[in-house]
J.: 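Sharing a structure below in structure tokens format, with a few things to ask.
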Amino acid sequence: MGPHELVLMTDHSSTEGSRETLSTAVRLLTGRVPVHLDARHFMSGGTGRISNAGPGGAVRLEVPAEGVAVTAEAVLVYEIPPHRRRDFEPCQRRLRAYGVRSLGTDAEAWRAATEKDRTVERFARDGIPQMPTIALSRPSPEAAVEAFDRLGGDVWARPTVGMGGNDVFHLTTRTQLAAAADHYAAAGADWLLARDAGNFNADGRRHQYRVVVLAGRVVRAVEHVQPDPDAPCNECQGAVSTLLTEAGLPAGLAELAVSATKSLGLPLAGVDLAAENGGVVFEVNVHPVFGTVGGLETVAVPYAAAHLAPR
């Protein structure tokens, strides 16, 4: 890195924990702790400043209120919550315009993955298999019922923008549908209905896979098993995770995960998918959580290393 620093830019209000893992990864690779900057300073309305620091893609990052000023030729961006990403887009565009080394500056790719109605449209365009899905925005009760019935009356509802399986519901009755519609209306949220994938293992438990893709190759694969058939297959929602090798994935899922990531234009992504129905993608995560086992070595270190490689 020469005289310049590697900056780790994250939202410091997040309690997810990726920041600490990435800091460890940088320290393992370089022997130095990265400069930590709170991304909130560089969101819309923030006082952070970004300026060109000369040829070669270096940038000057300043937070006057904290007396911070650093020159960086690599900015590692992570742990920006989905609901804050639109406010972060001006920062991404500025970093991209100055040519700083970073895998986190493509605002359009982030938006395509974060806003799930856009994901559905992109997948339909590119032929990425997914369960039939209908986007809803403040629908009338009649419109919600029509969508529910069209999808077979066994569906999953989720907000267009969300994380961690929060505000996600398995719906099999019109009463449940009405309750979900009221929930999203109270939150002022757009939402999606998707046909249930029937993703049960031999023991009758829900299961799906999280495949992390970096630069077009699989670096991590995990199976999530959820004993509650009406709960999302997220660890934070009670699912149990088992680390797999790429060879341990059902045939075709690794290739499907790579294709889904390319469809959205993301250099790094966590792809949630199931083997049932011939293999379908549920969603793609911009900042996959590293997990408690192996995430440092399989994802965080390679991701950080991609910011250190010679141009």
Side-chain angles (χ1 to χ4, degrees), residues 15-18 81-83 116 119-120 129-134 136 144-145 147-149 151-187 189-212 220-244 248-250 253 256-257 260 270-285 287-295:
T15 58
E16 176 196 299
S18 295
H83 67 282
K116 305 308 180 186
T119 305
V120 169
Q130 58 187 325
M131 295 306 295
T133 303
I134 297 172
L136 299 168
V145 167
F148 177 75
D149 290 345
L151 293 171
D154 186 356
V155 301
W156 287 83
R158 54 180 171 155
T160 300
V161 177
M163 66 181 296
N166 295 319
D167 304 308
V168 175
F169 310 104
H170 183 213
L171 312 176
T172 57
T173 69
R174 292 187 177 184
T175 298
Q176 292 173 330
L177 174 69
D182 288 344
H183 176 87
Y184 296 125
D190 293 342
W191 47 298
L192 303 173
L193 284 181
R195 183 176 296 164
D196 186 273
N199 50 320
F200 295 99
N201 65 14
D203 296 328
R205 293 182 291 174
R206 292 270 183 193
H207 75 133
Q208 65 185 47
Y209 300 89
R210 162 67 62 87
V211 179
V212 180
R220 180 177 171 86
V222 177
E223 182 180 24
H224 296 308
V225 176
Q226 171 60 268
D228 182 351
D230 298 318
C233 282
N234 297 76
E235 281 189 88
C236 56
Q237 301 291 336
V240 176
S241 296
T242 302
L243 189 63
L244 305 174
L249 287 169
L253 287 196
L256 179 54
V271 184
D272 292 334
L273 68 175
E276 287 75 15
N277 292 279
V280 292
V281 179
F282 295 136
E283 65 177 7
V284 178
N285 300 271
H287 294 152
V289 177
F290 297 122
T292 56
V293 179

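Please read all numbers here as calculations on a predicted model, not as lab measurements.
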J.: Between the side chain of D228 and the main-chain N/O of D230, is any donor-acceptor distance below 3.5 Å?
T.: yes
J.: Tell me, do E283 and T119 make a side-chain contact under 4.5 Å, heavy atoms counted?
T.: no
J.: Sorted by first residue and then second, give each salt bridge (charged side-chain N to carboxylate O under 4.0 Å, His left out) pair with at least one member in residues 196-206; sequence neighbours left out.
T.: D196-R206, D203-R205
J.: Look at the side chain of Y184 and the backbone N and O of A157, then say whether any donor-acceptor pair between them is shorter than 3.5 Å.
T.: yes
J.: Roughly how far, to the nearest 0.5 Å, is OH of Y209 from SG of C233?
T.: 10.5 Å
J.: In terms of side-chain geometry, is the basic nitrogen of R210 or E223 positioned less than 4.0 Å from the acidic oxygen of its partner?
T.: no
J.: For the backbone of V284 and the side chain of K116, can you confirm whether one donor and one acceptor N or O come within less than 3.5 Å of each other?
T.: yes
J.: State, to 0.1 Å, how close A274 and L253 come at their nearest heavy-atom pair, and which atoms those are.
T.: O-CD2, 3.8 Å
J.: Calculate, to the nearest 0.5 Å, the distance between atoms CG and CZ belonging to L273 and F282 respectively.
T.: 8.0 Å
J.: Going through the distances and angles, do T242 and V225 end up as a side chain to side chain contact (heavy atoms under 4.5 Å, CB included)?
T.: CA-CA 8 Å; T242 302; V225 176; 5.9 Å; no
J.: With sequence neighbours left out, write down each residue that passes salt bridge (Lys or Arg N to Asp or Glu O under 4.0 Å) with D149, or none if nothing qualifies.
T.: R174
J.: P232 and G165: which non-hydrogen atoms are nearest, and at how many Å?
T.: CG-O, 3.6 Å
J.: Test N166 against Q237 for side chain to side chain contact (heavy atoms under 4.5 Å, CB included), laying out the working first.
T.: CA-CA 8 Å; N166 295 319; Q237 301 291 336; 3.2 Å; yes
J.: Tell me, do L256 and P129 make a side-chain contact under 4.5 Å, heavy atoms counted?
T.: yes
J.: Decide yes or no on side chain to side chain contact (heavy atoms under 4.5 Å, CB included) for L249 and V211, but give the supporting numbers first.
T.: CA-CA 9 Å; L249 287 169; V211 179; 3.9 Å; yes
J.: Taking the side chain from Q208 and the backbone from H224, do they hold a donor-acceptor pair closer than 3.5 Å?
T.: no
J.: Closest heavy-atom contact between T172 and F148?
T.: C-CZ, 3.7 Å
J.: Check the pair H183, D167 against side chain to side chain donor-acceptor pair (under 3.5 Å), reporting the backbone distance first and the verdict last.
T.: CA-CA 8 Å; H183 176 87; D167 304 308; 2.8 Å; yes
J.: Determine the minimum heavy-atom distance between V281 and A260, stating which atoms define it.
T.: CG2-CB, 4.1 Å
J.: Does any non-hydrogen side-chain atom of L193 lie less than 4.5 Å from one of L171?
T.: yes
J.: At their closest point, which heavy atom of P82 faces which heavy atom of G162, and how far apart are they?
T.: CG-O, 3.6 Å
J.: Look at the side chain of N199 and the backbone N and O of H207, then say whether any donor-acceptor pair between them is shorter than 3.5 Å.
T.: yes
J.: Donor-acceptor pair, Q176 side chain versus T173 backbone, under 3.5 Å?
T.: yes
J.: Start with the C-alpha distance between I134 and L151, add both sets of side-chain angles, then the distance that settles side chain to side chain contact (heavy atoms under 4.5 Å, CB included), and finish with yes or no.
T.: CA-CA 8 Å; I134 297 172; L151 293 171; 3.9 Å; yes
J.: Look at the aromatic rings of W156 and H170 and report parallel, tilted or perpendicular, splitting at 30° and 60°.
T.: parallel
J.: What's the shortest heavy-atom distance between A147 and L136, and which atoms?
T.: CB-CD2, 4.3 Å
